[in-house]
Amino acid sequence: FYCLEPSTRAGSDLTMAKLDILEFPDPRLRTKATPVTVFDSKLEALIDDMFETMYEAQGIGLAATQVNVHKRLLVIDVSENRDTPLVFINPE
């Protein structure tokens, strides 16, 4: 698996879109996630959007499946000051 620090999308002054979080019992939450195989700017943008969504929802973690993207991707920040974001790609 990969553990990365999220990017800041340097040079971007645009506000990222907040993603919709699926809630139980939404059947899409049971969709099996597939491995991430392409590491590109779209993945980087998804990670940034997931962090924005997680922080706005006052959460400590968010899986891609929870935002209806069925890839093996997870963002977390369990730090007290919410200043230690971590990205897990294809965790085992």
Side-chain angles (χ1 to χ4, degrees):
F1 79 92
Y2 298 91
C3 179
L4 307 170
E5 290 188 25
S7 76
T8 57
R9 276 203 251 180
S12 175
D13 292 330
L14 300 174
T15 302
M16 293 178 283
K18 180 179 172 276
L19 304 170
D20 291 327
I21 299 174
L22 302 178
E23 296 182 13
F24 181 82
D26 192 309
R28 293 173 290 179
L29 291 170
R30 296 197 181 276
T31 304
K32 185 172 181 176
T34 60
V36 175
T37 57
V38 178
F39 296 81
D40 60 6
S41 60
K42 289 180 183 178
L43 178 63
E44 185 178 326
L46 174 61
I47 290 168
D48 290 342
D49 289 347
M50 287 177 63
F51 270 113
E52 181 197 13
T53 301
M54 180 192 75
Y55 287 131
E56 188 172 314
Q58 300 298 309
I60 61 168
L62 187 66
T65 296
Q66 290 176 279
V67 293
N68 204 28
V69 176
H70 304 286
K71 295 290 182 184
R72 295 185 60 196
L73 172 64
L74 169 73
V75 298
I76 66 169
D77 187 344
V78 294
S79 65
E80 220 172 282
N81 296 323
R82 300 174 64 82
D83 61 356
T84 311
L86 296 171
V87 179
F88 295 89
I89 300 172
N90 299 328
E92 295 288 324

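We number each residue from 1, following the sequence as shown.
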>> When you compare the side chain of Leu46 with that of Leu19, does any pair of heavy atoms fall below 4.5 Å?
In response: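 Yes, close enough: below the 4.5 Å cut-off.
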For [X], what residues pass the side chain to side chain donor-acceptor pair (under 3.5 Å) criterion, not counting sequence neighbours?
X     : value
Asp40 : none
Arg28 : Asp26
Thr37 : none
Thr84 : none

> Is the number of heavy atoms from other residues, nucleotides or ligands under 6.0 Å of Leu29 CG greater than 12?
Replying inline: yes
>> Let's go through Val67 and Asp49 carefully: what are the C-alpha distance in whole Å and the side-chain angles of both, what is the deciding distance for side chain to side chain contact (heavy atoms under 4.5 Å, CB included) to 0.1 Å, and is it a yes or a no?
In response: CA-CA 10 Å; Val67 293; Asp49 289 347; over 6 Å; no
> Can you pull the salt bridge (charged side-chain N to carboxylate O under 4.0 Å, His left out) pairs that have at least one residue in residues 77-86, sequence neighbours excluded?
Replying inline: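 Not a single pair qualifies under salt bridge (charged side-chain N to carboxylate O under 4.0 Å, His left out).
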Nearest atoms (heavy-atom pairs only) where [X] meets [Y]:
X     : Y     : answer
His70 : Thr65 : ND1-CG2, 3.5 Å
Ile60 : Val78 : CD1-CG1, 4.1 Å
Leu43 : Leu73 : CD1-CD2, 3.9 Å
Gln66 : Gly61 : OE1-O, 4.4 Å
Leu86 : Phe51 : O-CZ, 3.3 Å

> With hydrophobic residues grouped by side-chain heavy-atom distances under 4.5 Å, do Met54 and Leu22 end up in a single group?
Replying inline: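 Each belongs to a different hydrophobic cluster.
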>> Looking at Asn90 and Val36, would you say the former's side chain and the latter's main chain have a donor-acceptor pair under 3.5 Å?
In response: yes
>> Holding to side chain to side chain contact (heavy atoms under 4.5 Å, CB included), I want the full list of residues that pass it with Ala57, two or more places apart in sequence or in another chain.
In response: Ile21
> CE of Met50 to CG of Leu74: how many Å apart, nearest 0.5 Å?
Replying inline: 6.5 Å
